[in-house]
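Below you'll find the structure, written out as structure tokens, and then a few comments.
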Amino acid sequence: MITLRDLTLRRGARVVIEGATITLNPGEKVGLVGRNGAGKSSLFSALAGRLEADGGDLDVPRHWRVGEVAQHMPESEVAATEFVLQGDEPLMAARAALERAEAAHDGHEIAEAHAALAQAGSFDARSRAQTLLMGLGFTVEQLDAPVNSFSGGWRMRLQLARALMCPADLLLLDEPTNHLDLDALVWLEGWLQRHPATLLVISHDREFLDAVTRVTLHLEDARLTRYGGAYTAFESMRAERLLQQQAAFDRQQERVAQLQRFIDRFKAKATKARQAQSRVKALARMERLAPVLTASDFAFDFREPESVPNPMVSLRDLHCGYGERIVVRGVQRSVMAGQRIGILGANGQGKSTFIKTMVGQLEPLGGQKVEGKGLRVGYFAQQEMDLLHDDDTPLQCMVRWARERGPDAREQELRDFLGQFRFTGDQVLQAVGTLSGGERARLVLAMIVWQRPNLLVLDEPTNHLDL
């Protein structure tokens with residue numbers, strides 16, 4: 001089992017978990033929930049052995065194998081099936097052992113390596129890898145396609161399949177539903193329900209959490225609390241706990257007021273002095289309860305653009321793609337002021353390619369794109385988060401952005417603006433490299449809002465954002 005005893009974790013100078021004492025039993029399916037930046041990813045790093053505890057103890061059985069999804073986009077010419085197979089560590093170790101034994105012409109080692117391959121399930125490993133890929137939406141034709149031929153969403157699916165391929169005792173999944181369509185999401189739910197490993201999953205998809213998890217860990221204000229139940233049950237139990245906490249606080253405040261009134265009224269009277277003094281001592285001994293404080297809401301406004309061209313963009317027989325390969329062809333569309341347009345389609349159909357052509361990151365392969373006078377595009381994409389420099393701070397990003405893109409502003413005005421996106425106090429001076437995915441997404445969103453765009457183009461804007 002996994003045991004946390006009085007655990008304290010820091011991320012930079014900030015304490016993200018303090019005094020946590022939790023036990024997780026083998027095979028439990030656990031949802032880890034909390035606001036962006038609360039410290040969920042830090043706990044994952046500690047469980048995976050990348051982050052040392054700053055206090056207390058964190059015990060994970062030494063023989064347990066930990067599987068998790070790598071967050072970087074893979075850039076490789078390896079075939080998709082082989083890339084997923086490489087996630088099976090025992091299989092890869094057995095393969096390497098066989099190569100060494102054959103090179104050394106050591107018959108005994110060759111026999112042991114073949115035994116290790118059999119134990120790792122090499123006879124059906126390829127079919128297991130392809131089952132994972134097809135469950136996540138890959139077609140038969142894509143199974144042997146090189147990794148670098150896939151779009152960003154598909155590459156993250158490859159990383160997920162690679163993590164699931166690992167015969168793990170502890171599976172750590174950080175936002176596994178990002179980039180998944182409905183069919184792949186339903187398949188993943190079923191696969192995780194059947195998997196025997198202990199599962200910890202960070203997700204802001206309540207339906208997914210309800211389908212997969214049976215225990216919820218809630219992280220708030222550096223306190224980690226265990227609830228027995230999936231997300232919906234957790235919400236109900238937490239609301240009940242907050243009501244009880246507030247009721248106890250109200251009762252105590254009423255008792256404090258009664259004691260104080262008695263003390264104020266009778267402390268000067270000789271006949272009541274002893275009773276008044278006993279109440280003073282009772283007040284001093286009383287362990288004060290804290291009031292229920294809920295975290296501030298996340299609220300901001302899109303500022304009024306300086307101009308609103310109409311039409312915004314006119315597309316005439318537009319062809320979009322890469323190099324000479326046309327992915328989307330013959331688009332006939334005008335984007336009018338005030339419209340709300342959704343772009344739907346399965347992964348790999350060309351949605352991001354079309355959007356990048358719209359915003360000018362890709363040149364059209366044919367047709368025309370005519371922009372309205374004064375067009376100012378605010379473009380949000382997951383790749384934009386990767387352009388943030390790890391050594392910068394949110395305030396430095398905003399200062400540079402305001403200077404380069406406008407409108408320019410004083411530092412205090414930029415601090416106040418970042419506060420709307422829940423970057424308050426010293427958080428505006430925290431290194432971007434230490435921010436969670438959700439915090440980085442909020443920072444990119446703040447930068448977009450600041451430039452007062454008249455056309456918003458959003459590619460998967462809800463990935464990483466908390467509820």
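Counting begins at 1 with the first residue of the sequence.
Ring-centre distance between Tyr231 and Phe208: not below the 6.0 Å cut-off.
Evaluation of the ring-ring contact (aromatic ring centres under 6.0 Å, His included) test over residues 430-452, restricted to residues two or more places apart or in two chains, returns Phe417-Trp450. Sorted by first then second residue, the ring-ring contact (aromatic ring centres under 6.0 Å, His included) pairs that include residues 3-59, not counting sequence neighbours, number zero. Screening residues 41-55 for salt bridge (charged side-chain N to carboxylate O under 4.0 Å, His left out) gives Arg50-Glu68 as the qualifying pairs, with residues at least two apart or on separate chains.
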Distance-only check: which donor-acceptor pairs under 3.5 Å involve side-chain atoms of residues 194-202, not counting sequence neighbours?
residue : atom : partner : partner atom : Å
Arg194  : NH1  : Gly190  : O            : 3.1
His195  : ND1  : Ala197  : N            : 3.0
Thr198  : OG1  : Gly27   : N            : 2.8

Under 3.5 Å, which donor-acceptor pairs do the side chains of residues 125-133 form with other protein atoms, sequence neighbours left out?
residue : atom : partner : partner atom : Å
Arg126  : NH2  : Asp144  : OD1          : 2.9
Ser127  : OG   : Asp124  : O            : 2.8
Arg128  : NE   : Asp124  : OD1          : 3.2
Arg128  : NH2  : Ala120  : O            : 3.4
Arg128  : NH2  : Gly121  : O            : 3.1
Gln130  : NE2  : Thr81   : OG1          : 3.4
Thr131  : OG1  : Ser127  : O            : 2.8

Report, one line per pair, each donor and acceptor closer than 3.5 Å where one atom sits in a side chain of residues 406-415; sequence neighbours left out.
residue : atom : partner : partner atom : Å
Glu411  : OE2  : Arg415  : NE           : 3.3
Gln412  : NE2  : Asp416  : OD1          : 3.0

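For His108, the side chain to side chain contact (heavy atoms under 4.5 Å, CB included) criterion is met by Asp106, Glu112, not counting sequence neighbours. Residues satisfying the side chain to side chain contact (heavy atoms under 4.5 Å, CB included) test with Val78, not counting sequence neighbours, are Ser76, Glu82, Phe83, Gln86. Here Thr216 pairs with nothing under the side chain to side chain donor-acceptor pair (under 3.5 Å) rule; sequence neighbours left out. Under the rule for a salt bridge (Lys or Arg N to Asp or Glu O under 4.0 Å), the partners of Arg206 that lie at least two apart in sequence or sit in another chain are Glu235. Taking the side chain to side chain contact (heavy atoms under 4.5 Å, CB included) definition, one finds that Met1 meets it with Thr3, Thr23, Asn25, Pro26, sequence neighbours left out. Residues passing the side chain to side chain contact (heavy atoms under 4.5 Å, CB included) test with Cys397, sequence neighbours excluded: Leu388, Asp392, Arg400, Val432, Leu443, Met447.
Between Arg35 and Asp221 there is no salt bridge, since no side-chain nitrogen of the basic residue lies less than 4.0 Å from a carboxylate oxygen of the acidic one. Looking at Arg226 and Glu28, a side-chain N of the basic residue comes within less than 4.0 Å of a carboxylate O on the acidic one, giving a salt bridge.
In this structure, Arg238 forms no cation-pi arrangement with Tyr227, as its terminal cationic atom is not both closer than 6.0 Å to the ring centre and no more than 45° off the ring axis.
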